[in-house]
Engineer: 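Sending over a structure as structure tokens; questions will come in a sec.
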Amino acid sequence: MSVFEIAIEVIGWLAAVLILASYVLLSLGKIAARGYLYQWMNVIGASGFVLNSGYNGALPSAGLNIVWAGMGLFTLWSVWRARQTATAP
């Protein structure tokens with residue numbers, strides 16, 4: 001196994017830990033669903049899954065995680081806009 005392949009595997013495992021941690025924190029009420037931390041954890045985790053599953057040829061998983069990351073980015077934008085509107089004079 002090459003260094004590149006090991007890096008792809010490490011990225012996949014880190015992505016899994018990040019998404020699982022975000023879900024656990026959300027379920028325990030430690031973070032908010034529309035909070036920046038939860039959404040960024042999901043965007044970064046999904047991006048790691050895209051790299052890992054795409055490299056390994058698991059295209060359905062890669063496609064799902066592209067959508068997952070896109071949903072997270074959309075939510076981040078939506079929350080940011082709502083907060084900007086709320087603080088506008």
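In this text, all values refer to a predicted model and were calculated from it rather than measured experimentally.
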Engineer: Tell me whether Q39 contacts the main-chain N or O of R34 through its side chain, where contact means a donor paired with an acceptor under 3.5 Å.
Structural biologist: no
Engineer: Under the side chain to side chain donor-acceptor pair (under 3.5 Å) rule, collect the residues that match up with T75, sequence neighbours excluded.
Structural biologist: none
Engineer: Do the side chains of W40 and V79 join up, straight or via other hydrophobic residues, at under 4.5 Å, putting them in one cluster?
Structural biologist: yes
Engineer: Working to the nearest 0.5 Å, report the span between CG of L25 and OH of Y38.
Structural biologist: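 The OH atom of Y38 is 10.0 Å from CG of L25, to the nearest 0.5 Å.
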Engineer: Examine W68 and L51 and state if one hydrophobic cluster contains both, with Ile, Leu, Val, Met, Phe, Trp and Tyr joined whenever side-chain heavy atoms are less than 4.5 Å apart.
Structural biologist: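 No, it is not one cluster - the side chains of W68 and L51 are not joined through contacts under 4.5 Å.
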Engineer: According to side chain to side chain contact (heavy atoms under 4.5 Å, CB included), who are the partners of L20, at least two apart in sequence or on a separate chain?
Structural biologist: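 Testing L20 for side chain to side chain contact (heavy atoms under 4.5 Å, CB included), a comparison that skips the adjacent residues, returns V24.
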Engineer: Any side-chain heavy atom of W80 sitting closer than 4.5 Å to one from Y36?
Structural biologist: yes
Engineer: What is the distance from atom OG of S53 to atom CD1 of I8, rounded to the nearest 0.5 Å?
Structural biologist: 10.0 Å
Engineer: Can you tell me how far apart CE (M41) and CG (L26) are? Round to the nearest 0.5 Å.
Structural biologist: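 Nearest 0.5 Å value for the CE-CG distance: 10.0 Å.
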Engineer: At what distance, to the nearest 0.5 angstrom, does CD1 of I44 lie from CD1 of I19?
Structural biologist: 10.5 Å
Engineer: I need the minimum non-hydrogen distance between S22 and N42, along with the two atoms involved.
Structural biologist: OG-ND2, 3.3 Å
Engineer: Hey, could you give me the CG/OG distance between N52 and S61, rounded to the nearest 0.5 Å?
Structural biologist: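 OG of S61 is found 8.0 Å from CG of N52.
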Engineer: Mark yes when over 12 heavy atoms from residues, nucleotides or ligands other than Y23 sit less than 6.0 Å from its OH; otherwise mark no.
Structural biologist: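 Atom OH in Y23 is not packed in, count stays at 12 or less.
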Engineer: Atom OG in S47, atom CG in N65: separation rounded to 0.5 Å?
Structural biologist: 8.5 Å
Engineer: Could you list the cluster mates of I6? Members are the ILVMFWY residues connected by side-chain heavy atoms closer than 4.5 Å, either directly or through other members.
Structural biologist: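 Under the 4.5 Å side-chain rule, I6 groups with M1, V10, L14.
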